[in-house]
There are 2 protein chains.
Amino acid sequence: MGAVRPTTPLDRVAGAHDAAVLAVARRGDSVSRADLARALQVTPQAISKILGRLIGRGVMTEAGTIVSGPGKPTTLYRIVPSSRRAIGLHLTRSRVRGVVVDLTGEILERRELEIGRLQPVPELIETLALEARALAEVGSGELLGAGVGMPGPVDWGEGVYRGTAQPDPWRGASIRQLLLEELGLPVLLDHDSRAALVGETWSQPGLLDDAALVLVEDGIGASLCLDGNIVRGAHSHAGEAGHTVVRMDGVPCSCGRHGCAQAEYQAALEAGDEELAARILATIVVNLVRLVDVDRVVLGGRTVYTHHSASMDAIRDALAVGLRAEPWVHVEVMLSTRGTDLIAVGAACEVLEHEYGIPQALVGPG
Amino acid sequence: MGAVRPTTPLDRVAGAHDAAVLAVARRGDSVSRADLARALQVTPQAISKILGRLIGRGVMTEAGTIVSGPGKPTTLYRIVPSSRRAIGLHLTRSRVRGVVVDLTGEILERRELEIGRLQPVPELIETLALEARALAEVGSGELLGAGVGMPGPVDWGEGVYRGTAQPDPWRGASIRQLLLEELGLPVLLDHDSRAALVGETWSQPGLLDDAALVLVEDGIGASLCLDGNIVRGAHSHAGEAGHTVVRMDGVPCSCGRHGCAQAEYQAALEAGDEELAARILATIVVNLVRLVDVDRVVLGGRTVYTHHSASMDAIRDALAVGLRAEPWVHVEVMLSTRGTDLIAVGAACEVLEHEYGIPQALVGPG
DNA sequence: GACGTAACGCAACAGCGTTGGCTTACTCTG
DNA sequence: CAGAGTAAGCCAACGCTGTTGCGTTACGTC
């Protein structure tokens with residue numbers, strides 16, 4: 001998959017610095033050598049070398065100079081968005097939504113396809129490949145790969161859809177491997193809510209270092225970014241906030257427990273009680289804040305858009321109550337900026353992240 | 001605080017490797033150069049250099065040789081537990097419990113002191129310093145510092161106890177700074193449940209990379225280790241699982257919300273319904289598993305010991321129900337091995353971790 | 001006692017960021 | 001309108017990391 005393990009740890013130092021410079025460059029129009037030196041905590045001379053590599057790879061360029069007093073004017077640098085592209089596909093049971101994005105995560109083209117029935121796996125792969133190939137026509141930069149985001153238990157490491165207990169024709173499908181063979185491109189598979197969060201963090205690096213993204217589609221998901229790392233969990237099953245119990249002995253849920261947030265939420269909506277539904281969402285959010293202390297909460301997903309102002313108000317109210325003893329804590333609640341493309345864009349950004357993101361730990365004890 | 005920021009990123013490579021070798025060495029009796037090379041993914045020759053540094057610092061030594069066929073026998077290496085020490089203090093409103101541990105986290109000596117009333121801050125610092133100095137008499141290795149673990153909102157970065165809304169004489173106390181001035185040693189301050197988890201991870205590195213520690217003392221806390229990193233959160237307030245709502249519209253909690261796990265738990269115990277209390281604990285645990293997908297749950301804390309077998313059973317049952325759709329997921333539930341010393345040991349291990357732990361990310365985009 | 005084998009050390013090497021000195025390009029002063 | 005002052009940026013040497021290639025050591029086997 002693209003990034004081969006470097007032979008030497010020195011490559012990792014370089015790789016991490018390259019990624020860090022790109023991350024800084026992504027969040028502004030142009031940056032100076034001095035800005036970057038400050039951000040990365042290295043000398044300006046080192047920045048010159050790093051920029052030399054990045055310019056050589058075509059992902060950054062000079063962007064004019066500015067004079068800020070006596071002395072040689074500062075050279076500015078900026079990212080070259082069109083230098084790289086990635087495809088993102090959002091797969092659900094009824095629809096495939098696809099996008100191509102540039103290196104900054106901006107959408108170059110979007111497509112949407114209704115699938116009438118649950119296709120068998122080989123047909124599904126072909127459908128995905130067709131969409132991907134159509135999207136690959138748009139734009140000019142090097143195409144890095146395709147990301148797929150879908151609901152349900154997904155094994156990120158293996159690229160396999162695990163499936164649910166109900167009869168499910170996609171259960172166990174090696175979507176990554178099959179699509180890779182079909183496309184001849186690197187493919188990544190991830191859970192929809194996690195893909196969405198990667199997308200949000202990619203376009204605004206550093207802002208969501210401790211954040212939760214609550215995704216309300218058919219079910220409810222919540223993915224976490226803690227200390228800058230997306231949480232995937234031991235079996236890459238993290239994010240099932242919908243199966244978190246908020247009312248013990250409440251309504252039965254498909255998962256076998258009672259009072260799961262998702263079951264209660266749907267029951268409330270079916271009863272027409274939108275206010276209660278919003279309160280349930282708010283309960284999840286405050287629970288998250290108490291548990292992992294995120295300072296930003298992003299709301300997204302098809303369903304939440306129709307009720308978003310009520311949801312946001314309920315969440316803000318609940319936070320005010322739950323945090324009244326800690327006035328120094330502020331939690332910013334916001335709506336996703338990507339609308340219905342959220343997950344497709346996020347899946348594409350997972351590819352960008354994989355190739356140009358900051359590598360995780362330098363070493364582990366095996 | 002001990003570890004000064006290295007001038008060059010190459011120091012970080014070295015530091016990370018040194019820490020990784022120590023982590024491997026901590027989990028076994030002795031290791032060979034080849035074992036370490038495999039674990040760290042570097043060449044045996046690099047291991048020789050790393051071991052050279054560590055032996056020079058006195059934290060590792062040769063530990064004989066073994067012959068496993070023809071050829072030169074393998075040299076074994078092991079950690080030198082007695083080479084370093086750290087003090088840990090567990091502070092509550094009524095008691096100070098203290099330990100000295102060696103480099104592997106083994107207890108060399110323990111002390112316990114009842115404090116009759118809520119002492120004002122200067123007196124409290126003196127009490128802590130007295131305990132620390134008494135503990136410092138035991139053992140011989142270099143004394144790295146003292147860690148303090150306490151319940152309630154704690155600012156880990158600043159070393160300040162934030163305090164609750166109720167009148168609280170300790171509120172806002174710069175415990176780290178004051179104790180540092182008193183002792184002339186590095187001091188670390190952390191939330192009790194997070195300290196406990198650091199302690200558990202220190203003595204069995206790698207085992208708890210995705211784990212939760214549920215601490216039941218006066219309140220309920222739950223700290224997380226995700227992908228090998230302890231979760232502290234944006235304001236270092238993570239871990240308040242007790243203020244997670246498990247029964248919307250349930251009994252009122254001191255925090256202002258209704259149906260918080262902690263309030264429900266206490267209500268159940270007061271009603272003599274231990275089975276319900278265990279179910280509440282189990283609900284928190286399954287919620288955690290669904291949300292962040294930990295594969296190990298450690299139970300600890302004063303209160304949980306009296307009910308532990310009922311609690312463990314309830315948790316295992318609830319997990320079996322909640323995860324019945326994912327038979328490939330196994331969550332190991334275990335009791336802390338450190339008993340009532342859990343938090344004091346953990347606080348001491350935070351000091352060891354700070355000095356000899358694997359550094360976090362190599363770089364961040366500032 | 002000679003041979004094959006496996007662990008290990010030494011020395012040269014590549015590549016990272018750092019350091020100190022020099023060049024470039026601008027503003028300000030007389 | 002030169003000349004001084006200033007700040008940005010390049011070049012070359014350097015220290016440090018792990019890597020590589022080759023020689024040394026210490027064992028079992030024939």
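Residue numbers begin at 1 in each chain, while the letters A, B, ... track the order of the sequences. Keep in mind the model is a prediction, meaning the values are calculated, not measured. Hydrogens, waters and symmetry mates are skipped; everything else that's a heavy atom, side chains included, is used.
With rounding to whole Å, B:Asp18 atom CG is found 13 Å from D:dC16 atom C1'. Summarising the geometry, the separation between CG on B:Leu76 and P on C:dA6 is reported as 18 Å, rounded to the nearest angstrom. Across the protein-nucleic acid pair, A:Asp35 atom CG and D:dA8 atom P stand 11 Å apart, rounded to whole Å. Look at CG on A:Asp11: it is 11 Å from C1' on D:dT19, rounded to the nearest Å. Between A:Arg12 atom CZ and C:dA14 atom C1' there is a gap of 18 Å when expressed in whole angstrom units. Rounded to whole angstrom, the span from the CD1 atom of B:Ile66 across to the C1' atom of D:dA26 amounts to 15 Å.
With distances taken from any side-chain atom of A:Val42 to the nucleotides C:dC16, D:dT17, C:dT18, the minimum falls on C:dT18. Among the nucleotides D:dA8, C:dA7, C:dA14, the one closest to any side-chain atom of A:Thr75 is D:dA8.
For B:Asp210, there are no salt bridge (Lys or Arg N to Asp or Glu O under 4.0 Å) partners at least two apart in sequence or on another chain. Looking at residues two or more places apart in sequence or on another chain, you find no ring-ring contact (aromatic ring centres under 6.0 Å, His included) involving A:His191. Remark: B:Asp190 engages B:Arg194, B:Arg232 in a salt bridge (Lys or Arg N to Asp or Glu O under 4.0 Å) (not counting sequence neighbours). Residues meeting the salt bridge (Lys or Arg N to Asp or Glu O under 4.0 Å) test with B:Asp102, sequence neighbours left out: none. Scanning for side chain to side chain donor-acceptor pair (under 3.5 Å) contacts around B:Glu106 gives an empty result, with sequence neighbours left out.
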Distances for protein N or O near nucleotides 21-23 of chain C N or O, under 3.5 Å:
none

Taking N or O atoms only and anything under 3.5 Å, show me the protein contacts with nucleotides 27-30 of chain C, one pair per line.
none

Sub-3.5 Å pairs of nitrogen or oxygen atoms, protein against nucleotides 1-3 of chain D:
none

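At a threshold of 4.0 angstrom between heavy atoms, the contacts of A:Ser32 with the nucleic acid are absent.
Pairs of residues two or more places apart, or lying in two chains, that qualify as salt bridge (Lys or Arg N to Asp or Glu O under 4.0 Å) and include a residue from residues 13-23 of chain B are B:Asp18-B:Arg53, B:Asp18-B:Arg57. Within the structure, every pair that satisfies the salt bridge (Lys or Arg N to Asp or Glu O under 4.0 Å) test and touches residues 71-84 of chain A, not counting sequence neighbours, is listed here: A:Arg84-A:Glu142.
Take the nearest nucleotide of DNA chain C for B:Tyr77 and for A:Pro73: the residue whose nucleotide is more 5' is B:Tyr77.
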side-chain contact (heavy atoms from CB on, under 4.5 Å) between A:Trp202 and A:Val345, intermediate numbers included: CA-CA 10 Å; A:Trp202 184 259; A:Val345 169; over 6 Å; no
For A:Tyr356 and A:Leu144, what are the C-alpha separation, side-chain angles and deciding distance, and is it a side-chain contact (heavy atoms from CB on, under 4.5 Å)? CA-CA 10 Å; A:Tyr356 290 98; A:Leu144 297 173; 3.6 Å; yes
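Under 4.0 angstrom from either OP1 or OP2 of C:dC16 there lies no side-chain N or O belonging to A:His17. One finds no side-chain N or O of B:Arg33 lying less than 4.0 angstrom from the OP1 or OP2 phosphate oxygen of C:dA7.
Formation of a donor-acceptor pair under 3.5 Å by the A:Arg338 side chain with backbone atoms of A:Glu200 is not found in this model. Of the possible donor and acceptor atoms, one in the side chain of A:Thr201 sits under 3.5 Å from a partner among the backbone N and O of A:Val198.
Summarising the geometry, atom CG belonging to A:Leu207 is positioned 4.5 Å from atom CZ belonging to A:Arg296; distances are rounded to the nearest 0.5 Å.
A:Asn229 places none of its side-chain heavy atoms less than 4.5 Å from the side chain of B:Asp227.
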Scan the side chains in residues 42-49 of chain B for donor-acceptor partners under 3.5 Å anywhere in the protein, sequence neighbours excluded, and list what turns up.
| unit_1 | atom_1 | unit_2 | atom_2 | d |
| --- | --- | --- | --- | --- |
| B:Thr43 | OG1 | B:Ala46 | N | 3.4 |
| B:Ser48 | OG | B:Arg33 | NH1 | 2.6 |

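A heavy atom closer than 4.0 Å to some atom of DNA chain D occurs in B:Thr43, B:Gln45, B:Ala46, B:Lys49, B:Ile50, B:Arg53, these being the qualifying members of residues 43-65 of chain B.
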